[in-house]
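All remarks here apply to the structure that follows.
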Amino acid sequence: QVQLVESGGGLVQAGGSLRLSCAAPGLTFRSSSMGWFRQAPGKEREFVSTINWGGGTTYYADSVKGRFTISRDNAKNTVYLQMNSLKPEDTAVYYCAARRGGNPRISQSEYEYWGQGTQVTVSS
């Protein structure tokens, strides 16, 4: 059974940093592309970042480009999201997602597995 378990969320001041982790036991990790999405209060869930199976191809939402970095460790079945220069508008529940197939995708509908989410709150 595939499970995605996020961790690393919390409360941080604007300008601060957090690193989210997503462990994926049970997933054929090396052949899966991974993504991060987020949902702010009262808003639709939106794309944040995605990475291909090998880690060589990444995409970011314009709102986080230059501040967030996605990476993965295939030996640990884990994907990360390093978030720097955080802003209050980054406050959201962050979800990890996985899809079979190595090519990264921006659309949520392309992802088959989802984590429960981790809360990130950025205070001003």
Side-chain angles (χ1 to χ4, degrees):
Q1 184 177 356
V2 175
Q3 284 186 312
L4 302 181
V5 182
E6 301 102 333
S7 61
L11 173 64
V12 65
Q13 288 189 328
S17 298
L18 284 173
R19 188 174 84 151
L20 305 183
S21 300
C22 172
L27 181 69
T28 308
F29 195 75
R30 291 178 183 271
S31 60
S32 300
S33 55
M34 305 295 294
W36 287 97
F37 295 79
R38 67 185 182 186
Q39 186 168 20
K43 294 188 177 181
E44 298 288 320
R45 189 161 59 185
E46 64 177 7
F47 166 75
V48 175
S49 184
T50 182
I51 188 167
N52 76 328
W53 68 274
T57 301
T58 59
Y59 297 108
Y60 297 92
D62 288 343
S63 58
V64 307
K65 204 172 293 183
R67 299 187 297 122
F68 290 11
T69 303
I70 190 170
S71 62
R72 63 190 292 159
D73 185 338
N74 286 349
K76 296 182 178 179
N77 276 33
T78 301
V79 64
Y80 305 97
L81 186 67
Q82 177 67 44
M83 306 185 295
N84 298 329
S85 303
L86 283 161
K87 304 175 181 180
E89 50 264 44
D90 294 318
T91 294
V93 177
Y94 283 71
Y95 297 92
C96 172
R99 62 179 300 274
R100 289 175 290 182
N103 295 320
R105 293 287 187 266
I106 293 174
S107 171
Q108 298 180 51
S109 63
E110 303 265 12
Y111 289 82
E112 297 152 290
Y113 307 105
W114 291 84
Q116 293 298 307
T118 185
Q119 177 70 47
V120 171
T121 303
V122 185
S123 62
S124 57

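Between I106 and F37 the shortest heavy-atom distance is O-CE2, 3.4 Å. Closest approach of Q39 to K43, counting heavy atoms only: NE2-O, 3.0 Å. Here the shortest heavy-atom pairing between L4 and A24 reads CD2-CB, 3.5 Å. S49 and I70 get closest at one heavy-atom pair: OG-CG2, 3.2 Å. The two residues G26 and V2 come nearest to each other via the heavy atoms O-CG2, 3.5 Å.
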- I would like to know whether C96 and W114 meet side-chain contact (heavy atoms from CB on, under 4.5 Å); could you show each step before the answer? CA-CA 6 Å; C96 172; W114 291 84; over 6 Å; no
- Task: Take Y59 and F47, measure what side-chain contact (heavy atoms from CB on, under 4.5 Å) needs, and give me the verdict at the end.
- Result: CA-CA 10 Å; Y59 297 108; F47 166 75; 4.2 Å; yes
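With respect to Y111, the side-chain contact (heavy atoms from CB on, under 4.5 Å) criterion is satisfied by exactly one of M34, R100, R105: R105.
Panel note: side chain Q82, backbone R19; no donor-acceptor pair is recorded below 3.5 Å. Judged by distance alone, the side chain of T91 and the main-chain N or O of V122 form a donor-acceptor pair under 3.5 Å. Under a 3.5 Å cut-off, the side chain of S33 and the backbone N or O of G101 do form a donor-acceptor pair. Listed for the N74 side chain is a donor-acceptor partner under 3.5 Å among the backbone atoms of W53. Side-chain atoms of D73 never come within 3.5 Å of backbone atoms of T78 as a donor-acceptor pair (strictly under, hydrogens ignored). Checked by atom type and distance alone, the side chain of Q116 never pairs as donor or acceptor with a backbone atom of V5 at under 3.5 Å.
Residues N52 and P104 meet the side-chain proximity criterion, which asks for heavy atoms closer than 4.5 Å. Annotation: side chain of V64 is not in contact with side chain of M83 (no heavy-atom distance under 4.5 Å).
Legend: residues meeting salt bridge (Lys or Arg N to Asp or Glu O under 4.0 Å) with K65, ordered by chain and number and at least two apart, are D62.
Here the CZ-OG distance, from R72 to S21, works out to 13.5 Å after rounding to the nearest 0.5 Å.
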